[in-house]
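Quick notes on the structure that follows.
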Amino acid sequence: MLGETSSKNPRISHVSISTGDICSEFGSSSDFANYTVHVPPTPDNNPAPLHIALQDIDTGSSYKDDDLDQTELRISEEEDALLYKVSQPLTRVVKISPIIIALYRILIFVRIVALCLFLSWRVTHKNEKAVWLWLLSVICEFWFAFSWLIDQIPRLYPVNHATDTEALKARFESPNPNNPTGKSDLPGIDVFVSTADAEKEPPLVTANTILSILSVDYSVEKLSCYLSDDGGSLLTFEAMAEAASFAKIWVPFCRKHKVEPRNPESYFGLKKDPYKGKVRHDFVRERRYVKRGYEEFKVRVNALSHSIRSRSDAFNSKEEIKALEKWKNWKVKVEEDQVKEPRPAIVAPKATWMSDGTHWPGTWTVPCQNHSRGDHASIIQVLLDPPQDEPDNERGGGGSALDFEGVDTRLPMFVYVSREKRPSYDHNKKAGAMNALVRASAIMSNGPFILNLDCDHYVYNSIAFRDGICFMMDQDGDRVCYVQFPQRFEGIDPSDRYANKNTVFFDINLRALDGIQGPMYVGTGCLFRRTALYGFDPPDLPVETEPSGGCCCCFPQEKKRSPVTVASQPAYYVDVEEEDQFDVNLIRKHFGSSSMLVSSVKVAEFQGKPLAMGHSSIRGRPPGSLTCGREPLDAAAVSEAVNVISCWYEDKTEWGISVGWVYGSVTEDVVTGFRMHEKGWRSFYCVTEPDAFRGSAPINLTDRLHQVLRWATGSVEIFFSRNNAIVAGRKLKFLQRISYVNVGIYPFTSIFILTYCFLPPFSLFSGQFVVDSLDPAFLIYLLTISLSLCGLAVLEVKWSGISLEEWWRNEQFWLIGGTSAHLVAVLQGFLKVIAGIEISFTLTSKSSGDDEDDEFADLYLFKWTSLMILPLTIIILNIVAILFAFCRTVFSDIPQWSNLVGGTFFAVWVLVHMYPFAKGLMGRRGRTPTIVYVWSGLIAICISLLYVTIKNSELNGGSFQLT
């Protein structure tokens, strides 16, 4: 009967695009679409025994090593220029001024010496009057020196890398003897976009990200996009179907007119002149048409929530009427015929309905068994089919309104994925969703490279994918595990009050690591090599006697050739004897029971190789080997893809341990990148102009603190786990190891920051200071340390390109986070290690504030959190302590001005760093929250009591003492 759910939890394997309930000339007016539902194997009905067939790879090329040894040919000037371009490297190092680097290293050395002398002086000059104050300060200073050192040392070798996309095009997309037609020989890229909550991550934002991906400047047939909806929301599903429909006019429009950025929301919201530099006479007309289409698209997407609710209410009402009629018929039969039949349910379930009149297999608006966020079937829907091999540039779009003659109107494959979830399984949050996409994509498209993006990070530079591929396809590119792009953010207030841009980390720390073994993986905007995610070692590394983890035990080993290389060599140099050495049981243990998944590993490794440009092809693939079209996507592949995203598939495998994204940490991104570096892989940092990707960041103080808390908690987890860099293998370089050690240690600095922030009030209240007197040696050391820090900041600004204001904001929030989120992270980490208490976090909201007239409305939104208690206490204590000490010194018979000056200086230092926090508490003018008035009243009471005490001391002879 219509509406009844299958007991076997049906999963969508292919449906036509849903156009929603709003009629428009840009979409179908039909309220229903055709859905085809298939029931795949369940955990109780596992697939048949594994049969692995590793076939030779047909390269489709007549490439031979002997062909390189040819006589000189007469070539034209154009061919000569092309040959020169092909031979050029795809990447190069842009050196930073040697003078700046030399001065930078000298200042680091000077500051290290000054710190050693200062700490030595502090230890030998004890303050006998306040030993406790002296001891606390010395302990904190030793830790600060150590913390600064492990943070600064990895910055000794900063570099800048540049790419040559013209050379990439000449090498892979220009006619040559091995590729006469000039078809693209570029490797495939699978793009992963993740979302989990349609309320906190609005579907319109996700849809814009998808549209920016579908319109990038990359070979259409080599690009595939996968959306992971971990919430299983019908709202997200239908919004993506709308995005796929709108892409049919948006993507060709972008290609024809080369517009940037290719996120429609950002493009149509640009404040600059959109017609500058455009010479085509039809641009204005077509832009207006597409803009109107986008406005209607936004209306349809924003109306989906109401549409789904209305549709579901209508269907549920019909089901309730049917249930009531069924119950009445049953009652009549029982009364008249005395027939004993099971009593039917009177109330029908409050289901969520698709537009074709069937139940949505995912999460329902009113959750119930098999249809809640943690309990629903897996869904795979191909919203855009794989494109044909030849360009489609002979048709228009949008009727007669758009002329796409001569424009390739093909669209990349776009797939909606929602993995299966059941209450009895640990689904491992984002890492589990990413691994599900890795397996599904390996069967459906098997791109040798994977780019992952958050749903709010869109492609800002349409050639960014080419920039990343330059590193992978360059000489020794097969030893590159990933290319990390910097995260850039929009919607940040001009002053960046809470250091949301995080430029010190992205433009200083990661750029410096690029000169060692490569930047860390920071969660989004990262282009991976698929085989590196599979846990293989890089090529050309000595193979150990015993397997060192990963998947190397699955494949034969020989000297100076990595397991992945031997396992994945194409047919023209793999020995038959080696093929017989595969251990099927070990392969199943690592990758699972899917034979299609295991077979895809060889293909992905081969396709990810750089071109063989020299006499030896042992580490390269033949030119022209990827010009043949990809095989069409059939029902068997989709069914197998549904199978590998089942929640039981990872049981008794290495997924999340040594294969794919690593489980067990809140910061799975850092741990995953660390495992690759530990194996000896190299990563690169790709800074493009304009920015490769842009996203959103929380500008509200509360959200920012919770974001920092999540990062810091993940770092504490790393410190107490086997992923601590202190115990890493020998393949991790020394300075890279120090950088990873700092990742696990920096939250513990909060203990000493908090102590040091309370030292000024303790000093001012007690009338003592951390030193017996302001000795000239103490002041000289302090001045040297401070000036060297300022000099380092100026030089870092010079070679990184950030501003001094950004550097200062980072320093301020370092103290704010250290007295709030970092300390709580340490406590949570200890609770997890000692008591086994798991840590859970909520998603950061990607939606904008309610005030649409103010772009930065969220900045002034005050939401109280317990993380604010300690910083607020520090501010109040330091202010009260300054007033208290000043009054006491003024009315004292023997004023101790040196102690007052020393204590006040450090108290002011704390307050200056806390200024953004205090400003955040005040909110917008005229909207000051009640909590601020409460604390202000407490401060006023303290000051009043202080005044009464001082007055009483005057009456008793003028002496004022702390009792």
Side-chain angles (χ1 to χ4, degrees), residues 46-55 190 419 425-426 428 431-443 446 448 450 481 528-539 541 543-558 561-569 574 578-606 608 640-641 643-664 668 671-676 678-681 722-723 729 731:
N46 289 331
L50 177 68
H51 297 285
I52 297 180
L54 297 176
Q55 301 177 353
D190 291 340
R419 57 179 174 146
Y425 288 86
D426 183 3
N428 297 296
M434 290 294 99
N435 284 339
L437 286 184
V438 171
R439 296 191 296 272
S441 64
I443 294 172
N446 199 29
I450 294 172
C481 56
F528 283 98
R529 183 177 298 277
R530 184 180 285 270
T531 49
L533 275 173
Y534 284 159
F536 294 123
D537 291 336
L541 288 177
V543 178
E544 301 173 2
T545 305
E546 296 180 0
S548 59
C551 303
C552 55
C553 57
C554 300
F555 302 102
Q557 301 177 5
E558 58 180 78
R561 289 170 70 181
S562 71
V564 63
T565 304
V566 177
S568 309
Q569 288 169 348
V574 172
E578 291 181 355
E579 294 271 358
D580 297 334
Q581 298 179 28
F582 288 98
D583 190 327
V584 175
N585 292 326
L586 289 178
I587 295 177
R588 182 189 294 113
K589 180 180 184 297
H590 284 81
F591 293 102
S593 58
S594 173
S595 59
M596 295 180 68
L597 175 60
V598 173
S599 300
S600 70
V601 176
K602 280 188 67 175
V603 180
E605 196 277 339
F606 168 72
E640 185 69 7
N643 177 54
V644 298
I645 64 172
S646 300
C647 55
W648 54 268
Y649 184 83
E650 294 183 352
D651 290 349
K652 299 179 181 180
T653 67
E654 291 296 312
W655 284 100
I657 302 174
S658 60
V659 181
W661 269 261
V662 180
Y663 298 156
E668 73 288 333
V671 176
T672 302
F674 166 74
R675 292 284 185 88
M676 296 180 185
E678 189 182 19
K679 290 177 178 293
W681 287 97
R722 67 168 295 272
N723 298 308
K731 296 177 183 178

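Note that this is a predicted model, so its numbers are computed, not measured.
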Nearest heavy-atom neighbours spanning Gly592 and Thr653: CA-CG2, 3.7 Å
Side-chain donor/acceptor of Arg530 to backbone N/O of Asn446, under 3.5 Å: no
CA sep, side-chain torsions, deciding dist, call: Lys589, Lys652, side chain to side chain contact (heavy atoms under 4.5 Å, CB included): CA-CA 6 Å; Lys589 180 180 184 297; Lys652 299 179 181 180; over 6 Å; no
Taking every non-hydrogen atom, the tightest pair across Pro448 and Ala604: CB-O, 3.3 Å
Of Glu650, Met596, Arg439, the residue whose pairing with Val644 passes side chain to side chain contact (heavy atoms under 4.5 Å, CB included): Arg439
Nearest-0.5 Å distance, CE of residue Met434 to CG of residue Asn428: 13.0 Å
Note, Lys731 side chain near Asp537 side chain (heavy atom, < 4.5 Å): yes
Arg419 to Ile645 - nearest heavy-atom pair and separation: CB-O, 3.7 Å
Nearest atoms (heavy-atom pairs only) where Val659 meets His590: CG2-O, 3.9 Å
Expected output: side-chain Trp655 to main-chain Phe591 donor-acceptor under 3.5 Å: yes
Distance-only side-chain donor-acceptor flag, Asp426 / Tyr663, under 3.5 Å: no
Contact summary for Tyr534 and Val438, nearest pair of heavy atoms: CE2-CG1, 3.8 Å
From Phe536, Trp681, Phe528, residue fulfilling side chain to side chain contact (heavy atoms under 4.5 Å, CB included) relative to Cys481: Trp681
Contact summary for Glu640 and Ser595, nearest pair of heavy atoms: OE2-N, 4.5 Å
Spacing of Tyr425 atom OH and Ser646 atom OG [to the nearest 0.5 Å]: 9.0 Å
Reported CD1-to-CG distance for the pair Ile450 and Leu437, which is rounded to 0.5 angstrom: 8.5 Å
Straight-line distance of Asn435 CG to Leu533 CG, nearest 0.5 Å: 8.0 Å
